[in-house]
Amino acid sequence: MKWLWVPLAGYFALPLVATAVLSLWQGSRGYGFEAYVTLIHTPEMWNSLLLSARLAIETIIAGLVILVPAVFWMNLRLPRLRPMFDFISVLPLVVPAISLVAGITAIYTGPDWLVGTANFLVIPYVILALPFTYRALDVGMRALDLRTLTEAAQSLGASWPSMILRVLVPNLITALLGAALLTITIVIGEFTFANILLFNTFAVYINHIGSTSATQAAALSLLAFLLTWSAMLGVALGGRKAAR
Amino acid sequence: MISLEAISLRKVYGSRTVLADVSLALGAGEFVSLLGPSGCGKTTLLRLVAGFERPDGGRIQLDGRDITGITAAKRNIGMVFQAYSLFPNMTAEENVGFGLRVRGEAAAARCKRAQEMLDLVGLAEHMHKYPHQLSGGQQQRVALARALAIRPALLLLDEPLSALDARVRVQLRDEIRRIQREIGVAALFVTHDQEEALSISDRVAVMENGRIAQLGEPAAIYEEPESLFVARFVGQMAEFDAEVDGDGVRIAGHTLPARRAAGHAPGERVHFFLRPEHVRLVEPTFGLPGLVESRTFNGPTTTFRIVLEGAGRVLATVPTAEARHAPGETVGITWDPAAPRILKLDGGVPTPET
């Protein structure tokens, strides 16, 4: 089986290498970092990247504020609801993004600061990140003796919020970190919602630049790949550190 | 002075009555054990007192104050759990200081108290270690220090020794008792281990099917069981069908002395209980004749299993130095007339004549 890594590595590495080569191509002027330099000096790129980053942070916060207490309560008091939680958590993977976006725009109306701005994207993004956030939190909480820890904290006089913030969250750091980093990769790469709802996120910008400059699009894709890849690496390293 | 008072507590899960009208009072500084087989309701009683469950009937008072409707967090009751109750993200010192932290005490006072408590349980040098760096016994000591750091009105112990190995268990059990005495806090201790309950308690409550079958000092529980359940549950006893005959009992055609037969009517059929350490081995011509079936060496004592003619089996534990019989030998058994326990067929004891 040793030789198996050769085709596998080729399968994954070849497109990356090709993209990298294309991103460095400067037509008749040979190879260089022209595409990267242009990108760095393009304010739209930065704006879209910042927007995606902001959305990622908002999504992480909204997702965790909703899910930490919910998964905690399910594990502690309503374990018989687990099948329902499991089912709901995988729905975003089953329902196509295009139906989600149609449904969501039809249902949600609200104040301008939410519906009229890119903040609206946080709603579908929380849903998209749900399978990953839920899994990470559930695994993290199952590893703890939740009932005993909760009761110990209670008997020592801790209120529920105090118990969640001082005992639960610190013991879930790895799980929370994993959930956060996975959410970042999802939000940075999400295209369908943003494009249909006409918001200029990072993924939308990559698509847009692709129609005007092939080399810049390649450069940007590579950067986006590195960004999400380092996030994944963060999850892996975080997990290993916590395991020690 | 009464510390904890549980009055007519009832707890029902669906169609199952887990606690049926349990009342129990602990004096100030008293150490009471709840002893019983699993499912007898002892843990449920403890959880009601802790405030983790709500009773379906009855009241709980602590130092004269009704706490039935108060949440666990506001009861000021310290609790030590079976295992794994330390917060993994905190050092021993932080664990012990946690109760004071949520009470808003200043860091300096918290730190001082935590050190005092860790000192008390003999873990001062381990204060900066995390739970996973401590042994099981050490973790339970920290848990004890943590429960006591809040200056609780009552200490609850939910089988805190059951996850530890035998040697540590005995050591820690004595230490829990020493510290509880030193602090003077009343304690309620749940265990299914009789030796544990008998050795450290002021009083033991033996529980059966959601009721307290007998409440008394350890020696009384051991020597004077008042029901068939307690007689059969606590310690080992041989049990025979017997008939009261004058100042003794008649077993398998032999009349033998038993002082407690006195309270029963002549000719009454009774249950006769005898502990292994009260059995004396004599010549077959005296006492009840039997055959030595096996011999087990326990170190300081040796236990014989003897098949009696027409009465069943009995265990006899004698000092090893005096153990002379071998399997296959015929022996007679007898006992100190004060030793056997006699219960009515329905399990009761005769009411003493006034």
Side-chain angles (χ1 to χ4, degrees), chain A residues 64 67-69 71-81 136-180 234-235 237-244, chain B residues 43 46-47 49-53 70-91 94-105 110 114 130-133 139-140 142-160 163:
Chain A
L64 292 183
L67 279 174
V68 168
V71 179
F72 172 57
W73 202 250
M74 181 271 282
N75 267 295
L76 190 64
R77 291 288 160 86
L78 302 165
R80 66 204 151 83
L81 290 189
L137 290 179
D138 190 44
V139 168
M141 288 197 204
R142 277 212 247 184
L144 297 172
D145 191 339
L146 271 193
R147 194 168 112 155
T148 308
L149 290 181
T150 313
E151 289 177 352
Q154 277 181 301
S155 77
L156 290 167
S159 60
W160 285 104
S162 165
M163 137 86 205
I164 288 180
L165 287 179
R166 283 174 169 160
V167 177
L168 186 62
V169 169
N171 284 306
L172 283 178
I173 283 297
T174 317
L176 294 174
L177 200 69
V235 176
L237 288 180
R240 193 178 306 171
K241 196 178 164 201
R244 250 185 286 137
Chain B
T43 299
L46 196 80
R47 293 177 60 79
V49 174
F52 301 139
E53 316 254 357
I70 293 178
T71 60
K74 298 217 167 86
R75 288 191 181 192
N76 200 36
I77 292 177
M79 180 146 173
V80 181
F81 297 81
Q82 220 167 69
Y84 312 117
S85 73
L86 294 184
F87 307 126
N89 59 310
M90 301 180 200
T91 61
E94 287 164 348
N95 262 288
V96 176
F98 182 84
L100 302 176
R101 195 166 126 210
V102 297
R103 280 166 171 73
E105 275 201 34
R110 224 159 63 201
Y130 285 91
H132 70 92
Q133 296 169 308
Q139 288 184 26
Q140 289 303 72
V142 175
L144 178 66
R146 183 177 69 174
L148 293 172
I150 59 171
R151 299 182 176 86
L154 175 71
L155 180 64
L156 301 179
L157 302 132
D158 184 11
E159 309 210 18

Results of ring-ring contact (aromatic ring centres under 6.0 Å, His included) for B:F87 - residues two or more places apart only: B:F98
Part of B:A83 within contact of chain A (heavy atom distance under 4.5 Å): backbone
Structural part of B:L100 lying under 4.5 Å from a heavy atom of chain A: neither
Over all atoms of both residues, closest heavy-atom pair of A:A158 and B:A73: O-CB, 3.6 Å
Which portion of B:I150 sits near chain A, non-hydrogen atoms under 4.5 angstrom: side chain
Best-contacting candidate, B:P88, B:G99, B:A72, against chain A by heavy atom pairs under 4.5 angstrom: B:P88
Polar pairs (donor with acceptor) under 3.5 Å from chain A to chain B:
residue	atom	partner	partner atom	Å
A:E151	OE1	B:R47	NH1	3.0
A:E151	OE2	B:R47	NH1	3.0
A:E151	OE2	B:R47	NH2	2.6
A:L156	O	B:R103	NH1	2.6
A:N171	OD1	B:N89	N	3.2
A:N171	ND2	B:N89	OD1	2.9

Heavy-atom check, side chain of A:M163 versus side chain of B:V102, under 4.5 Å: no
